[in-house]
*Asks:* 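First the structure, which I've put down as structure tokens, then a few questions once you've had a look.
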Amino acid sequence: MEYKDTLVMPKTKFPMRGNLPNKEPVRRQQWEENNIYEKVQNKTKGRPIFILHDGPPYANGDLHIGHALNKILKDFIVRYKSMTGFHAPYVPGWDTHGLPIETALTKKKKIDRKKLDIVEFRKMCTEYAMDQLDNQRTQFKQLGVRGDWDNPYITLTKNYEAAQIRVFGEMAKKGYIYKGLKPVYWSPSSESALAEAEIEYHDKRSPSVYISFEVTDGKELLEGGEKFVIWTTTPWTIPANLGISLHPEFEYAVVNAGQDKYIVAHDLLETVSEELGWDNPEVLKTFKGKEAEQIITKHPLYDRDSIIMLGDHVTMEAGTGCVHTAPGHGEDDFYVAQKYGIKALCPVDEKGVLTEEAPGFEGLFYDKANKLITEKLDEVGALLDLKFITHSYPHDWRTKKPTIFRATSQWFASIKDFRQDILKEIKEINWYPHWGETRLYNMVRDREDWCISRQRTWGVPIPVFYGEDKTPIITDETIEHVSKLFKEHGSNIWFEWEVKDLLPKGFKSEHSPNGTFTKETDIMDVWFDSGSSHEAVLLEKEDHRRPADVYLEGSDQYRGWFNSSLSTAVAVTGKAPCKTIISHGFVLDGDGRKMSKSLGNIMQPNKVLKQLGADILRLWVASVDYQADVRISNDILKQVSETYRKIRNTVRFMLANTADFDPKKDKINEADLAEVDRYMLHCLQNLVSKVREGYDKYEFSTVYHEVHNFCANELSSFYLDFAKDILYIEAEDSSRRRSIQTVYHEILITITKLLAPIIPHTAEEIWEYIPGVEEESVQLTDVPEAREVAGFENQLEKWAQIMHVRDDVLKALEEARNEKVIGKSLEAELTIIPKDEKTKEILTNIQNLHQLFIVSRLNISDANDRAKSYQYVDILVEKHPGEKCERCWISSETVGDDKDYPELCTRCATIVKDHYSEA
RNA sequence: GGGCCUGUAGCUCAGUCGGUCAGAGCGCACGCCUGAUAAGCGUGAGGUCGGUGGUUCGAGUCCACCCAGGCCCA
């Protein structure tokens, strides 16, 4: 007789290896065909709502690993909430306007925009964006992200644009929208504003001049008559000069050079002296930049003040440390002047020609004006030096001609009017990690007004009309009308239709006595688009509400979406659009370096899916502390795969040993379970509580480590290992065996649910193998709460001690193995000498201790000379003198007692006689 | 240059109020098993807690500076 045939061996078709790259797509298709998203929504309908509102990715290009990190984290949360008492719909979104798409179209698709009319071009942009969206959607789904993929929100749709117009209108109504000047890259050759992406740098020859400004009011600090020295390569901006900027912390020196006293940064004195030919200038006094604030100098050409201002943009890298400031011709200049309430002056028209605001030079092209202005400066004695240099200078990428900075008319949102409200709301938000609050707070606190104008075509038009006297017209009536029109026809009509058709019928204004109007041609900053999603999505989508529960984006979005969403939401509603903000870090390579093409260290999600599978990538996401920057490499993924394997095989073992288990018939009442089984159930509850806590705090690495450790320590190495002596050996429906199976069954169900949000494909696969479960998908179940295990009150200490003793036993066995006393542990007979009474009592009262420790016999004794001392007990390991039972492999003196089965111990002989003698 | 952040064994992570807290799992080495087998079990080695100063009776834990890395600005 082959005794192996009388064993109840594990039996399952659940494969040892996941084969994820091949099986996951099938699984996803099955979900899609079964409308799993809808089923979950139907099941959870009526529960409290939990909204994780998706920040829209930009619809361009393939997904990178950062996209994957972001969407997978969101999926963890949504899936978990759906399984813990909430109704958590998830509507993905896309950001679809903006320059990158315009650029992609002109570059990749070789579209010449000049040859197309705006409407035509915008239609192509729409098409391109929708293609990109489709591509990204496919890839997101491949990550196993569950959501309403058929009905995403898209910023270019009519409804969205209409809602966005309302946000703009509401802000305008509150007086937050105003028109002002701001310098932008301007190309005189194409007579248009340029985006930064349309700038190329080429060498250009420019004059390099040093110019002096005489102090007329030195306040307490200077006497008057001293001359600040500035350096510039654009003399044509001197007519627009309104001040001089110093660095507040730099040291400045008043020096005697020739007949005059000049002021330059002390550290630059030497180089400036060299440039200007000063011979051993005498330092008369020094002062800090901040002491000179508000000192007044005279503009060298005009009868006008030029104020000393302070700014951090001043550097020691070049020049004199005193920076010529023309707020109409430089961004830094603009912001510094803004702080001092000085408005931009821009005496240059769109062709680059100086206007009558630059008396003496009107009608001159800026580059030509350089010469005349320099001559004039020389005439008045303000020119200290002139030479020419060649330097890198911004040029128009199309015309290849030099560009200038030029203040133009722009629309702004006045952040300062509701800054305090935003700051207050920032403090109301729950931040993960906590420092997010400080980061956004500082950013909003220091932020300038928001320029929402873009001189582009691919975006939502700024819905403003102008009267005949050029007065901007924004009224409730016009806003509502345009919003309605956009909702019906889309925003293309702004470019397609006559102005009169865009206005309400019979619209009249005191600014247009003849009834004619013009329309704004600027479009809105794309951050205004996505920043309006609280209105377009939270407010309008079914089952949604504002504020949302969670916003979760990369840490670059403090400046981006977090900022713009908060700004528009506070402006419109006075409240933050969400209760909690979570931010994640960036994905770096294995060495913690940023991924880049040049370093060749880019990890593509697509490749990971094909090589390892989505669940491995998802498990990686769960394994890292995502709130800081995270690392990924082949080695790291290999490690994650090992964890996956461990979890999978542990589960497989339990599935294989519950194949014959019918919970309806075979389940044992909790109170009747063996003690060690109740102990394991208790450990499981412990796991549930820790894992739930991890999810609740959005700390998924806790989930990962806890589940893995439970599989490795409690299960694989202990509970599954010793249980083989019961599962394989005892009769199939013996109560001891059913007791173990009852616990396995609960562990299986519980662990599968706990893992479902993280590795949904695998969890679903496991679910199919668990006997007796009724729900068609684990996604349609709820995660249990941790509970008290019957009959396990105050037993924890006892079991902790047993496990301690086990550690000692394992050490002792290993030593015996090394000394060739035994091979496997079943060959051993143990004699344990407890070091204290309490331990003795525990060890004597536990049943089948030898079975838990997987040895053939275990004696508890009071003393033994040959025993070795370990941490908790003394132990003697000997080779068991008995014969090995051919069936259970345990050594026993009873082998041979039963004459019918001379190779078996009495335990096995009885089992075989009772259950297998017929066979 | 500024704002915010990260730096504990080869890797991924724990370390609550400063006082057995230097830990876990993986990997690695060595061994066992061959009735979870492209599995399973055991033991072991590994860390000046980024560096340097300081506060303290005592510091991964508090402070300062520095180094490396990241995001966002300039």
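Residue numbering restarts at 1 for every chain, and letters A, B, ... go by the order of the sequence lines.
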*Asks:* Of all the choices, B:U6, B:A38, B:G40, which nucleotide is nearest to the side chain of A:M16 once you look at every atom?
*Replies:*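 Among B:U6, B:A38, B:G40, the one nearest the side chain of A:M16 is B:A38.
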*Asks:* Mark up nucleotides 62-74 of chain B, 5' to 3', with B wherever a protein heavy atom is under 4.0 angstrom from a base atom, S wherever such an atom reaches only the sugar-phosphate, and - elsewhere.
*Replies:* -------SSBSSS
*Asks:* Taking the same atom, P, in B:G70 and in B:U55, what whole-Å distance lies between them?
*Replies:* 35 Å
*Asks:* Atom CD of A:E827 to atom P of B:C32: distance rounded to whole Å?
*Replies:*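 Distance check: A:E827 CD to B:C32 P gives 11 Å.
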*Asks:* If a pair satisfies salt bridge (charged side-chain N to carboxylate O under 4.0 Å, His left out) and one of its residues is in residues 708-722 of chain A, list it, with sequence neighbours excluded.
*Replies:*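 Of all non-adjacent pairs touching residues 708-722 of chain A, those that pass salt bridge (charged side-chain N to carboxylate O under 4.0 Å, His left out) are A:D721-A:K724.
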*Asks:* Whether the side chain of A:S716 and the base of B:A36 hold a donor-acceptor pair under 3.5 Å is what I'd like checked.
*Replies:* yes
*Asks:* Quote, to the nearest angstrom, the C1' distance that separates B:U20 from B:G3.
*Replies:*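 The answer is 41 Å between these two C1' atoms.
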*Asks:* Taking B:C17 as the reference, what is the distance to B:G60 when you measure between their C1' atoms (whole Å, please)?
*Replies:* 16 Å
*Asks:* What's the NE2-P distance between A:H705 and B:U8, to the nearest Å?
*Replies:*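 So the two atoms are 14 Å apart, to the nearest Å.
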*Asks:* Can a side-chain donor-acceptor contact be found between A:D677 and A:Y719 if the only test is distance below 3.5 angstrom?
*Replies:* yes
*Asks:* With a non-hydrogen cut-off below 4.0 angstrom, is A:W889 in contact with a base, only sugar-phosphate, or nothing?
*Replies:*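 A:W889: base contact, heavy atoms under 4.0 Å.
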*Asks:* Return the value, rounded to whole Å, for the distance between atom CG of A:N649 and atom C1' of B:C41.
*Replies:* 14 Å
*Asks:* Please classify the nucleic acid contact of A:E437 as base, sugar-phosphate, or nothing, using heavy-atom distances under 4.0 Å.
*Replies:* nothing
*Asks:* Got a sec? Which of residues 634-643 of chain A come in under 4.0 Å of RNA chain B, heavy atoms?
*Replies:*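 Hits under 4.0 Å, by residue number: A:I636, A:Q639, A:E642.
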*Asks:* Select one nucleotide: of B:C4, B:U12, B:G44, the one nearest the side-chain heavy atoms of A:K811.
*Replies:* B:G44
*Asks:* Name all residues meeting the salt bridge (charged side-chain N to carboxylate O under 4.0 Å, His left out) criterion together with A:K13; count only those two or more places apart in sequence or in a different chain, and write none if there are none.
*Replies:*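 Once residues adjacent in sequence are excluded, A:K13 has no partner under the salt bridge (charged side-chain N to carboxylate O under 4.0 Å, His left out) criterion.
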*Asks:* Please name all residues satisfying ring-ring contact (aromatic ring centres under 6.0 Å, His included) with A:Y432, sequence neighbours left out, ordered by chain then number.
*Replies:*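 A:Y432 satisfies ring-ring contact (aromatic ring centres under 6.0 Å, His included) with A:Y698 once adjacent residues are dropped.
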*Asks:* Using the salt bridge (charged side-chain N to carboxylate O under 4.0 Å, His left out) criterion, which residues pair with A:E883? Sequence neighbours excluded.
*Replies:* none
*Asks:* Apply salt bridge (charged side-chain N to carboxylate O under 4.0 Å, His left out) to A:R439 and list each qualifying residue two or more places apart in sequence or on a separate chain.
*Replies:*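 Partners of A:R439 by the salt bridge (charged side-chain N to carboxylate O under 4.0 Å, His left out) criterion come out as none, since no residue qualifies.
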*Asks:* Mind telling me if B:G70 is syn or anti? Syn here is a glycosidic angle within 90° of 0.
*Replies:* anti
*Asks:* Classify A:R447 by what it touches in the nucleic acid, base, sugar-phosphate, or nothing, heavy-atom distance under 4.0 Å.
*Replies:* nothing
*Asks:* Closest approach to the side chain of A:Y728, judged atom by atom: which nucleotide of B:G40, B:G42, B:G35 is it?
*Replies:* B:G35
*Asks:* Out of B:U37, B:G31, B:G25, which nucleotide sits closest to the side chain of A:N818?
*Replies:*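 Of B:U37, B:G31, B:G25, B:G31 is nearest to the side chain of A:N818.
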*Asks:* If you assign each of A:D721 and A:Y626 to its closest nucleotide in RNA chain B, which residue comes earlier from the 5' end?
*Replies:* A:Y626
*Asks:* Tell me the stems RNA chain B sits in, counting at least three consecutive Watson-Crick or G-U wobble pairs, each under 3.5 Å on both distances.
*Replies:*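 The stems that RNA chain B takes part in, listed by first number, are B:1-7 with B:67-73, B:10-13 with B:23-26, B:28-32 with B:40-44, B:50-54 with B:62-66.
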*Asks:* Quick one: list whatever passes ring-ring contact (aromatic ring centres under 6.0 Å, His included) with A:H324, sequence neighbours left out.
*Replies:* none
*Asks:* On RNA chain B, check which nucleotide each of A:S701 and A:D446 is closest to and give me the residue with the more 5' one.
*Replies:*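 Upstream on the strand: A:D446.
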*Asks:* Using the rule side chain to side chain donor-acceptor pair (under 3.5 Å), only one of A:E815, A:K811, A:H804 pairs with A:Y870; which is it?
*Replies:* A:E815
*Asks:* Counting side-chain heavy atoms from CB outward, which of B:G35, B:C33, B:C41 is closest to A:I729?
*Replies:*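 Closest of the options to the side chain of A:I729: B:G35.
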*Asks:* For a quick check of understanding: with a heavy-atom distance under 4.0 Å over all strands, which category does A:H708 fall into, base, sugar-phosphate or nothing?
*Replies:* sugar-phosphate
*Asks:* When the P atoms of B:U16 and B:C28 are considered, how many whole Å apart are they?
*Replies:*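 It comes out at 31 Å once rounded to the nearest Å.
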*Asks:* What residues, two or more places apart in sequence or in another chain, satisfy salt bridge (charged side-chain N to carboxylate O under 4.0 Å, His left out) together with A:E878?
*Replies:* A:R866
*Asks:* Holding to ring-ring contact (aromatic ring centres under 6.0 Å, His included), I want the full list of residues that pass it with A:H705, two or more places apart in sequence or in another chain.
*Replies:* none
*Asks:* Categorize A:L810 for me: base, sugar-phosphate, or nothing, with a 4.0 angstrom heavy-atom threshold over every strand shown.
*Replies:* sugar-phosphate
*Asks:* Have A:K638 and A:N634 got a donor and an acceptor in their side chains that come within less than 3.5 Å?
*Replies:* no
*Asks:* Step by step, would you call A:N70 with A:E553 a side chain to side chain donor-acceptor pair (under 3.5 Å)?
*Replies:* CA-CA 6 Å; A:N70 176 261; A:E553 303 301 330; 3.3 Å; yes
*Asks:* Please list all pairs passing the salt bridge (charged side-chain N to carboxylate O under 4.0 Å, His left out) test where one or both residues lie in residues 644-656 of chain A, with sequence neighbours left out.
*Replies:*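 For residues 644-656 of chain A: A:E642-A:R645, A:R648-A:E765.
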